[in-house]
*Asks:* 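I have a structure here, written as structure tokens, and I will follow up with some questions on it.
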2 protein chains.
Amino acid sequence: MDKKKSSSLSGVKEIARRANVSIATVDRVIHNRKGVSQETKDKINEIIKEIGFQPNILASRLASKKTNRFLVIIPQSAENEYWEACNKGIDRSYAEIKQYGISVDKRFYDLDNKQSFVKLVDSTSIVPYDGVLLAPSFFDEGVRLASRCKENNIPLVFVNSDIPGEDSLSYIGPDLYKSGRQAASLINFGIQKGKVLIVNISKEIDTYHHLLRKEDGFRAYFNDLPSKQPALIKLDIRDTREEIIEKMVDECLQQHPNIEAVFVTNSRVRVIARYFEKQHIDKILVGYDVIKDNVHYLKQGVIDFLIGQKPEEQGYRGLTSLFQHTVIGTNIPKYCFMPIDIITKENVEFYRN
Amino acid sequence: MDKKKSSSLSGVKEIARRANVSIATVDRVIHNRKGVSQETKDKINEIIKEIGFQPNILASRLASKKTNRFLVIIPQSAENEYWEACNKGIDRSYAEIKQYGISVDKRFYDLDNKQSFVKLVDSTSIVPYDGVLLAPSFFDEGVRLASRCKENNIPLVFVNSDIPGEDSLSYIGPDLYKSGRQAASLINFGIQKGKVLIVNISKEIDTYHHLLRKEDGFRAYFNDLPSKQPALIKLDIRDTREEIIEKMVDECLQQHPNIEAVFVTNSRVRVIARYFEKQHIDKILVGYDVIKDNVHYLKQGVIDFLIGQKPEEQGYRGLTSLFQHTVIGTNIPKYCFMPIDIITKENVEFYRN
DNA sequence: CTGAAAGCGCTTACAG
DNA sequence: CTGAAAGCGCTTACAG
């Protein structure tokens, strides 16, 4: 059923013919290269406009044999489904764009070890790259890398968390504050008159700060409420060992017997869920991230809602943005916030990260 | 920062060199064209495997000058935001693939006028096309078109609603039954002990059948509940005039004073919302589709939840699937269910259709 | 400031 | 059954 394309009357050849110049000259004008008289340039530009010329990117890439290298710096995905998904998204993007002569170097750091990030940032030269995709889990080194990109005029895209104020091509990730509000609104829809517990679990101070942004949004929602404002209890756990977490939650629940709902500000909600299941505790439980353990407890009915942040899509969009900006010349929005996905037992089977 | 690609040692040329044949023969083997001795064929295939040859699609398309035409049949998008979004998704896909020599013909029918669909299907020849994207709002004619596609060996993709049993390349759209379950679960999370009203609004019998699938899922959720099973009231409105709808809802609410939540099985939830707002009725209200009016009432707090069905993505994926199947040779999944998106006042600003 | 020619990796008649 | 040659739309040295 395939047809042959009619020979193009809108390519460089046609422009050259009309302008009475060679196609080399047309090419110079198209790419704003110097060495063309203003007169010829004007004439050619007019014809380009007239026939609505759009260069054939396939042919262009094929002929130029240009290659672009991108650098990706994200957390290790071993044993971390969230970052595994992000990594997968990057691969999916790469599969689509590699035809265009793109190569990608990935570097991974350990999310639980700030030093691994420091070392990585310090030991990696960004000079050979045409773009950098960075998950800046740690602030100071993120800033350092960002300024190096700026000095070298290399486009930089942040995924998953932003470094506000730094000069980046784009930020692709969640609006943490608003996702906290969302969690609050769900809990508010379900509770009667009990208290609500907020649980932050994190060891590294940098990640703890991210959790605080969610907590802020969560609190703000209730503050903005005209009527019923439940009491909010807060529990900070600066340790990720399960026994410690369980113990602290246990104590807290003893102390506040009428807690009706619990909001865990990250994917560690699985630990609380496990504890609830063991102890046969039945409270509204809301947390983050569609990872295996969490989905298990969602299906069990222990977790009521998960908030998804689309890690796969973040990775996909991150690399794709770099490609589109560099190769296609597309305009990339400065902020690309992920949707705040609400996942329940009923829709989880259709969810795409 | 762009680099030159090193001359490829993995293309047809290299294969030809190693096999001691011309590249024309290599090309014949790659495309399974006849006229090659078994011996040569085997040798070439081995080399292809060995060097992991992957044809350069850019070069292939450029040289072959092949064109593919796709036919799109969907409802008119004038005054219908849902189908406008689908149409937009198709355009977005087209923008990405047109480089490859793709052309798309769109035909629109009137969703409120079955005859327009009948006429369209009967008057359109599918023969010139390499693929058809169809939103089969009306059953019988959908089946007719599907069999014509089958006869002519033209791949067919359904969007938004399926015709089960018909031989299609893919279905891309919602799982209606499960989305009804989702609505039920949200309502169940919020209600205390009142009754629940189900409202189906539709004139055409074919679309009414779609609504019933959602109602089935909705009822099934409550049936599966071990404990609390609220009374379910049902209201069928086979008319789309607002006065009629308001009157019938009004009567129903009179008759059942303790209705606590209302589930409207399509985007007409806006009409109920308008009525609720006018009458200062405060009940849980859940409906479908992220369109302007519904979003307005969501933000007002009149509608509690909207269920989104990603019309834009349906359109995008529909055309993209056709392209990938026909041009790239990708395997397309038979079913691509859209996620069941839960939209609230808090996350609607980040929602992408 | 401008053009002729070769080439990107693949496909397509055409000739044998 | 097989190959030499031209060409897709563009880019790139090179020469002038």
*Asks:* From CD1 of A/I23 over to P of D/dG9, roughly how many Å is that when rounded to an integer?
*Replies:*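 Those two atoms, CD1 and P, are 11 Å apart.
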*Asks:* Both distances under 3.5 Å, Watson-Crick or G-U wobble: report the partner of D/dG3, or none.
*Replies:*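 C/dC14 - that is the nucleotide pairing with D/dG3, both distances being under 3.5 Å.
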*Asks:* Ignoring the backbone of B/T25, work out which of D/dT12, D/dG3, C/dT12 is nearest its side chain.
*Replies:*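 Of all the options, the side chain of B/T25 is nearest to D/dG3.
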*Asks:* Just to be sure I understand the rule, does A/I30 reach a base, reach only the sugar-phosphate, or reach nothing, if contact means heavy atoms closer than 4.0 Å?
*Replies:*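 A/I30: no heavy atom of the nucleic acid under 4.0 Å.
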*Asks:* Check if the side chain of B/R28 and the base of D/dG3 share a donor-acceptor pair of N or O atoms closer than 3.5 Å.
*Replies:*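 Answer yes: a donor N or O sits under 3.5 Å from an acceptor.
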*Asks:* Return the value, rounded to whole Å, for the distance between atom CZ of B/R61 and atom P of C/dT12.
*Replies:*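 The distance from CZ of B/R61 to P of C/dT12 comes to 10 Å, rounded to the nearest Å.
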*Asks:* How long is the line joining NZ of B/K66 and P of C/dA13, in whole Å?
*Replies:*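 Computing the B/K66:NZ to C/dA13:P distance gives 11 Å.
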*Asks:* Which listed nucleotide (D/dT12, D/dA4, C/dC8) is nearest to the side chain of B/K13?
*Replies:*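 Nearest to the side-chain atoms of B/K13, counting from C-beta on, is C/dC8.
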*Asks:* How many whole angstroms separate atom CG of B/D42 from atom P of D/dC1?
*Replies:*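 Spelled out: CG on B/D42 to P on D/dC1 is 13 Å.
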*Asks:* Any base atoms under 4.0 Å from B/L58, or only sugar-phosphate, or nothing? Heavy atoms, all strands.
*Replies:*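 Since no nucleic acid heavy atom lies under 4.0 Å of B/L58, the category is nothing.
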*Asks:* Side chain of B/K65: nearest nucleotide among D/dC8, C/dG3, D/dG3?
*Replies:*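 So the side chain of B/K65 is nearest to D/dC8.
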*Asks:* Under 4.0 Å: is that the gap between some side-chain N or O of A/R33 and OP1 or OP2 of D/dT12?
*Replies:*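 Indeed, a polar side-chain atom of A/R33 lies that close.
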*Asks:* Select from B/A24 and B/A59 the residue whose nearest nucleotide in DNA chain D is closer to the 5' end of that strand.
*Replies:*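 Closer to the 5' end of DNA chain D: B/A24.
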*Asks:* Strictly below 4.0 Å: does B/S60 bring a side-chain N or O up to OP1 or OP2 of C/dC10?
*Replies:*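 Checking B/S60 against C/dC10: no side-chain N or O falls below 4.0 Å of OP1 or OP2.
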*Asks:* Specify the closest pair of heavy atoms between A/K310 and A/R352, including all atoms of both residues, with the distance to one decimal.
*Replies:*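 Result for this residue pair: NZ-O, 3.1 Å.
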*Asks:* To the nearest Å, give me how far apart NZ (A/K43) and P (C/dT2) are.
*Replies:*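 The distance from NZ of A/K43 to P of C/dT2 comes to 9 Å, rounded to the nearest Å.
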*Asks:* How many whole angstroms separate atom CD of B/Q54 from atom P of C/dC10?
*Replies:*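 From B/Q54 CD to C/dC10 P: 11 Å.
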*Asks:* What integer distance in Å separates A/I44:CD1 from C/dT2:P?
*Replies:*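 In whole Å, C/dT2 P lies 8 Å from A/I44 CD1.
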*Asks:* Counting only heavy atoms not in A/K334 (residues, nucleotides, ligands), do more than 12 fall under 6.0 Å from its NZ?
*Replies:*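 Atom NZ in A/K334 is crowded, with more than 12 foreign heavy atoms closer than 6.0 Å.
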*Asks:* OP1 or OP2 of C/dT2 versus the side-chain N and O atoms of A/T40: is any pair under 4.0 Å?
*Replies:*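 True: A/T40 side-chain N/O within range (under 4.0 Å) of C/dT2 OP1/OP2.
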*Asks:* Is B/R17 paired with B/E14 through a side-chain N to carboxylate O contact shorter than 4.0 Å?
*Replies:*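 Judged by the 4.0 Å cut-off on N to carboxylate O distance, B/E14 and B/R17 do form a salt bridge.
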*Asks:* Around B/K88, counting heavy atoms of other residues, nucleotides and ligands shown, do more than 12 lie under 6.0 Å from its NZ?
*Replies:*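 Counting neighbours around NZ of B/K88, 12 or fewer heavy atoms of other residues, nucleotides or ligands fall under 6.0 Å, so no.
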*Asks:* To the side chain of B/S37, which of D/dC10, C/dC10, D/dC1 is closest?
*Replies:*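 The listed nucleotide nearest to B/S37's side chain is D/dC1.
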*Asks:* Send over the distance from B/Q38 CD to D/dT2 C1', rounded to a whole Å.
*Replies:*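 Going from CD in B/Q38 over to C1' in D/dT2 covers 16 Å.
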*Asks:* In terms of side-chain heavy atoms of B/L62, which of D/dA13, C/dC8, D/dG9 is nearest?
*Replies:*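 Given the options D/dA13, C/dC8, D/dG9, the side chain of B/L62 is closest to D/dG9.
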*Asks:* Could you check if a side-chain atom of A/Y82 sits within less than 4.5 angstrom of a side-chain atom of A/Q314, using non-hydrogen atoms only?
*Replies:*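 They are in side-chain contact.
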*Asks:* Check whether the side chains of B/D105 and B/Y129 place a donor and an acceptor atom closer than 3.5 Å, and report yes or no.
*Replies:*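 B/D105 vs B/Y129: donor-acceptor pair found between side chains.
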